Amino acid sequence: KENVNFIIGPVGTSVVLGVAPLAEEKKIILITTGAQGDQITNSGDYIFRTMTRFSQDAPILGKIVAQKTKAEKVHVLGVNTDALPSIINAFSKTFTENGGQFGLIEKYSPTEKDFRSILTKIKAEGVKEESEDDNIGNAEAKNKEGNTVHIMLFGIPKAVSLQLKQAKELGIDAKYYGISALESRELIESAGELANGIIFLSPYDDFGSDEKVKEFQGKYMRRYNEKNDMYAAISYDTLHVLSDCFGRFGNNYNDDSEEGIEEIKNCLYGTQNYDGASGRFSFDSNGDVDRDFVLKEIINKEFVTVDRLE
């Protein structure tokens, strides 16, 4: 009715999965800039994404977290959406293969704002472990006294910022790990210094030497007088990749031309090694993108690359 043939967004897996069947039926090209659930991979021929999927980064993160926690238990806080099973499944395989141990796995509603009961359970679990170690009475147990509480955060910035604040209120001194969805200015603005120390995997190397990345950073700073986040760069690239295809096949496209839509769709699938504001990426046969990852940590309220993974 509105002659809509292209949609950029939405960013949540559940919403994309809800919209995808209609987009597919109407042959509307939909590109999500943030949804990472693996179910989207097979959601249709007209569905694309410029953000990575969980089965790409979660296995790498699982190995890293296992190595850093050294067999100490890692508790999980996960928002109960369509994406959560794919995150946990992808993460747990390499996590356990590399000696990682799970503690509590707690799920919460997307609308939840009070996490104190969940966090209290995690705190009690830590006290219980220390008490059990004390009763063993050997040298190994003594070395375990005061074990760090490790918490894996599978959630969005708004919820995670509340979790960090409420954990602080409860006196929980934890080491936090997260997914790339946390790389948003919203988390820093809401959680402030409490976000410092979170370790996560990212497909956006903003500290690298890529000229396109630096060029966009400069433009963004001049326009908004602040640093861009990952999603700003990915959204910018999404629009420009689509625009490039318009430029190449625009003469064959109009609102009523199925042939023009097909050519633009095929152009997107053919986009390989695109150098953009968010780095280099390629679309695969499912409309997903392949990107390289870096390990980041929030330091002084900034997302800082601490390791470029081979």
Side-chain angles (χ1 to χ4, degrees), residues 61-79 87-88 91-92 95-96 98-108 112-202 295-307:
L61 183 62
K63 180 179 180 180
I64 291 170
V65 173
Q67 292 171 342
K68 287 185 175 294
T69 55
K70 300 177 181 178
E72 293 182 347
K73 289 184 178 179
V74 176
H75 305 290
V76 175
L77 285 177
V79 58
I87 305 174
I88 293 181
F91 176 85
S92 62
F95 177 68
T96 55
N98 286 275
Q101 293 190 40
F102 282 110
L104 299 177
I105 299 179
E106 298 289 337
K107 302 176 184 179
Y108 58 88
E112 185 60 68
K113 295 181 180 179
D114 188 349
F115 303 95
R116 292 175 181 85
S117 61
I118 294 175
L119 292 167
T120 299
K121 288 169 65 176
I122 290 175
K123 182 177 181 180
E125 188 74 9
V127 171
K128 175 184 173 184
E129 288 181 21
E130 288 188 21
S131 177
E132 289 175 349
D133 287 344
D134 288 342
N135 291 333
I136 296 174
N138 58 30
E140 182 180 1
K142 290 179 182 178
N143 288 334
K144 290 183 179 178
E145 289 181 3
N147 280 356
T148 303
V149 176
H150 300 281
I151 301 178
M152 185 71 226
L153 302 167
F154 292 135
I156 61 174
K158 185 176 181 179
V160 167
S161 65
L162 289 172
Q163 292 160 10
L164 295 174
K165 292 175 183 178
Q166 292 168 19
K168 182 68 173 180
E169 292 172 5
L170 294 169
I172 298 174
D173 184 15
K175 185 65 180 177
Y176 295 100
Y177 310 87
I179 53 178
S180 51
L182 295 184
E183 192 171 353
S184 166
R185 296 306 306 176
E186 180 184 2
L187 176 63
I188 302 299
E189 290 168 1
S190 181
E193 292 184 355
L194 294 178
N196 287 337
I198 297 179
I199 293 173
F200 63 97
L201 206 64
S202 173
L295 189 67
K296 289 188 175 182
E297 181 177 351
I298 301 178
I299 301 173
N300 295 326
K301 297 190 289 186
E302 296 288 346
F303 303 109
V304 179
T305 298
V306 293
D307 190 11

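In this text, all values refer to a predicted model and were calculated from it rather than measured experimentally. All residue numbers refer to positions in the sequence shown, counting from 1.
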Legend entry - Sub-4.5 Å side-chain heavy-atom contact between I179 and F91: no
Inset, instruction - Write down the atom of H75, the atom of L104, and the distance for their closest heavy-atom approach. - result: ND1-N, 2.9 Å
Inset, instruction - Please name all residues satisfying side-chain hydrogen bond (donor to acceptor under 3.5 Å, both in side chains) with Y176, sequence neighbours left out, ordered by chain then number. - result: none
Inset, instruction - Specify the closest pair of heavy atoms between G178 and L61, including all atoms of both residues, with the distance to one decimal. - result: O-CD2, 3.3 Å
Legend entry - Gap between atom CD1 of I105 and atom CD1 of I88 - 0.5 Å precision: 5.5 Å
Legend entry - Spacing of I199 atom CD1 and K296 atom NZ [to the nearest 0.5 Å]: 14.0 Å
Inset, instruction - Specify whether F102 and F95 have parallel, tilted or perpendicular ring planes, treating 30° as the upper limit for parallel and 60° as the lower limit for perpendicular. - result: tilted
Inset, instruction - Evaluate the side-chain proximity of F154 to K107: yes if any heavy-atom separation is below 4.5 Å, no if none is. - result: no
Inset, instruction - For residues V304 and E297, determine if any side-chain heavy atom of one lies less than 4.5 Å from a side-chain heavy atom of the other. - result: no
Legend entry - Gap between atom CD1 of I122 and atom CD1 of I151 - 0.5 Å precision: 4.5 Å
Inset, instruction - For Q67, look at atom CD and say whether over 12 heavy atoms of other residues, nucleotides or ligands are found less than 6.0 Å away. - result: yes
Inset, instruction - Side-chain contact test, heavy atoms from C-beta onward, threshold under 4.5 Å: evaluate it for K73 versus H150 and give yes or no. - result: no
Legend entry - Atom of I299, atom of N196 and distance for their closest heavy-atom approach: C-OD1, 3.8 Å
Legend entry - CG (D307) with more than 12 external heavy atoms under 6.0 Å: yes
Legend entry - Donor-acceptor contact present, side-chain D114 to main-chain R116, <3.5 Å: yes
Legend entry - Point-to-point distance, once rounded to the nearest 0.5 Å, from CZ of R185 to NZ of K301: 9.0 Å
Inset, instruction - Go through the structure and list residues passing salt bridge (Lys or Arg N to Asp or Glu O under 4.0 Å) with E112, not counting sequence neighbours. - result: none
Legend entry - Side-chain touch T69/K175, heavy atoms, less than 4.5 angstrom: no
Inset, instruction - Decide yes or no for I118 and Y108: does some side-chain heavy atom of the first lie under 4.5 Å from some side-chain heavy atom of the second? - result: yes
Legend entry - Validation row: L164, I198 side chains within 4.5 angstrom (heavy atoms): yes
Inset, instruction - Report yes if the side chains of L187 and S161 come closer than 4.5 Å at any heavy-atom pair, otherwise no. - result: yes
Legend entry - Atom pair CD1 (I188) and CZ (F303), whose distance is rounded to the nearest 0.5 Å: 4.0 Å
Legend entry - Test item: Q166 side-chain N/O and K113 main-chain N/O as donor-acceptor pair under 3.5 Å: yes
Inset, instruction - Of all the heavy-atom pairs spanning I298 and A195, show the shortest one and how long it is. - result: CB-O, 3.4 Å
Inset, instruction - Give, for atom CD of Q163 and atom CD1 of I172, the distance between the pair rounded to the nearest 0.5 Å. - result: 10.5 Å
Legend entry - Residue K168 excluded, over 12 heavy atoms near NZ under 6.0 Å: no
